[in-house]
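Just below is one structure, and these are the notes that go with it.
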Number of protein chains: 2
Amino acid sequence: MTKSNEHDGREKDAALVMFELLNEVGIIAQLSRTLMESRLDDGLTIHHFTALNHLVRLGDGKTPMDLARAFQVPKTSMSHTLAGLEKRGLIRMEPNPDDGRGKLVRLTDSGETVRNRAIQDIAPDMADIIPQFGLEDAQAALPFLRKLRVVLDKARDK
Amino acid sequence: MTKSNEHDGREKDAALVMFELLNEVGIIAQLSRTLMESRLDDGLTIHHFTALNHLVRLGDGKTPMDLARAFQVPKTSMSHTLAGLEKRGLIRMEPNPDDGRGKLVRLTDSGETVRNRAIQDIAPDMADIIPQFGLEDAQAALPFLRKLRVVLDKARDK
DNA sequence: AGCATATAGTACGAAATCGAACTAAACAAG
DNA sequence: CTTGTTTAGTTCGATTTCGTACTATATGCT
């Protein structure tokens, strides 16, 4: 039926490859999520950890909307996550001096400590995974994934 | 402090690489999730689609637990997803002849049709993404991701 | 066989997710 | 300055997610 312009068995449609790729990515995300979550548990969820991690790595003083956009979640969900972090004393909310509607998210010392401890707790698991296929493969995959993330991000608003 | 056995700036710890990698994967999964969801909507969620897709690709006659394990979700969540699919007439639940406790999930014709249509609806978006970094890169990434998924899956039960 | 333990699935309730509606402030145009 | 539009964030409610507890069957051990 379909025209076979090269080797039929190996002929792979671009959409097909992408489907498979995102399928794998979805499963990996789910697996890593549950793996990390099993290591966390001071009642901390992945969302809590991810937000803390983001603030440590890229600097605090972000607005809630910045974070919502960064993680592609609705602002109401981010509100909820931040409320949880604040209740635990891991962040503080300040009024945004540049925008009377807005707030700024500030890491507390405790927040940074908790994040660092979480990293320490999870790191052994991460390190254990690498040797199973070599650091080089993983390093090679990173730029590709970054690019894919950027492309998908742009495709977001059609 | 850390010994610099090569080029210090590029020296990357295995755990660090893995963190970054899974971070990217998580964001990509989230983006692709919302992208797909925007194309679906006959009330179908990603979970519905993913389950249908799995059954078409790998064959039906799986138990709910098979599916729960495949997607790494609690069995109660899978119950809920399957209930939704059954209510829509996209699957049927049979008793498992080999296990009196269990059930088998069967695709209906309608289920297969709906899955195929969903694929058709999403395919253009998938195809649009590929040219932005070349089919070869994507094909190269696939085996790596599969391996990572398998490794994580094994690490699951410590 | 009989009993202990493990497993498949469901019921139920608590928490999380997220859309809709709302408040308040910013911004844009006249 | 007023008016209309946009944006940040919260509140509220419907739906989803998922842990706990339960039932029923299977499996393993003696």
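Note that the structure is predicted; figures quoted are calculated from it, not measured. Chain A is the first sequence line, chain B the second, and so forth, proteins listed ahead of strands; every chain is numbered from 1. Any value given below was found using the heavy atoms of this structure, including those in side chains, with hydrogens, waters and symmetry copies removed.
The interatomic distance linking A/Asp99 (CG) with C/dA26 (P) rounds to 6 Å, in whole Å. A straight line from CG of B/Asp98 to C1' of D/dT27 spans 15 Å, rounded to a whole angstrom. Across the protein-nucleic acid pair, B/Met78 atom CE and D/dT17 atom P stand 10 Å apart, rounded to whole Å. Distance NE2 (A/His47) to C1' (D/dT17): 11 Å, rounded to an integer number of Å. If you measure from atom CD of B/Glu94 to atom P of C/dA8, you get 19 Å, rounded to the nearest angstrom. To the nearest angstrom, P of D/dT17 lies 10 Å from CZ of A/Arg33. One interatomic measurement links the two molecules: CD1 of A/Ile46 to C1' of D/dT17, which rounds to 15 Å at whole-angstrom precision. Distance A/Gln72 CD to C/dT17 P: 15 Å, rounded to the nearest Å.
In this structure, A/Gln30 contributes its side chain and B/Gln72 its backbone to a donor-acceptor pair below 3.5 Å. No side-chain donor-acceptor contact under 3.5 Å links A/Ser110 to the backbone of A/Leu90. With hydrogens and angles disregarded, no donor-acceptor distance shorter than 3.5 Å links the side chain of A/Ser77 to the backbone of A/Val73. Side chain of A/Glu112 to backbone of A/Asp109: no donor-acceptor contact under 3.5 angstrom is found.
Close to C/dC18, at under 4.0 Å from its OP1 or OP2, lies a side-chain N or O of A/Ser77.
Listed by first and then second residue, the ring-ring contact (aromatic ring centres under 6.0 Å, His included) pairs that reach into residues 105-131 of chain B come to none, sequence neighbours excluded. Residue pairs meeting the ring-ring contact (aromatic ring centres under 6.0 Å, His included) criterion with at least one partner in residues 80-119 of chain A, sequence neighbours excluded, are absent.
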Scoring nucleotides 1-7 of chain D by protein non-hydrogen atoms under 4.0 Å (B base, S sugar-phosphate only, - none) yields ------B

Pairs under 3.5 angstrom, nitrogen or oxygen only, protein versus nucleotides 19-21 of chain D, please.
unit_1 : atom_1 : unit_2  : atom_2 : d
D/dG19 : N7     : B/Thr76 : OG1    : 3.4

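Residues that satisfy the side-chain contact (heavy atoms from CB on, under 4.5 Å) test with A/Thr45, not counting sequence neighbours, are A/Glu37, A/His47, A/His48. Evaluation of the ring-ring contact (aromatic ring centres under 6.0 Å, His included) rule for B/Phe19 yields no partner, not counting sequence neighbours. By the side-chain contact (heavy atoms from CB on, under 4.5 Å) test, A/Thr63 is found to be paired with A/Met65, A/Asp66, A/Asn96, A/Leu104, residues two or more places apart in sequence or in another chain being considered. Taking the salt bridge (charged side-chain N to carboxylate O under 4.0 Å, His left out) definition, one finds that A/Asp137 meets it with nothing, sequence neighbours left out. The side-chain contact (heavy atoms from CB on, under 4.5 Å) search around A/Ala118 returns A/Leu40, A/Phe49, not counting sequence neighbours.
Among the protein residues, A/Thr45 comes within range of no part of the nucleic acid, since none of its heavy atoms lies under 4.0 Å from any strand.
Using a cut-off of 4.0 Å between Lys/Arg side-chain N and Asp/Glu carboxylate O, B/Asp121 and B/Arg39 are scored as not salt-bridged. The existence of a salt bridge linking B/Glu94 and B/Arg92 is confirmed by a sub-4.0 Å separation between a basic side-chain nitrogen and an acidic carboxylate oxygen.
Summary for the helix from C/dA1-D/dT30 to C/dG30-D/dC1: the axes at its two ends, each from 5 pairs, differ by 40° when rounded to the nearest 10 degrees.
Proximity of residues 79-93 of chain B to DNA chain C (heavy atom under 4.0 angstrom from any strand atom) is restricted to B/Ser79.
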Please list every donor-acceptor pair under 3.5 Å in which a side-chain atom of residues 51-58 of chain A meets a protein atom from a residue at least two apart or in another chain.
unit_1  : atom_1 : unit_2   : atom_2 : d
A/Asn53 : OD1    : A/Arg115 : NE     : 2.9
A/Asn53 : OD1    : A/Arg115 : NH2    : 2.9

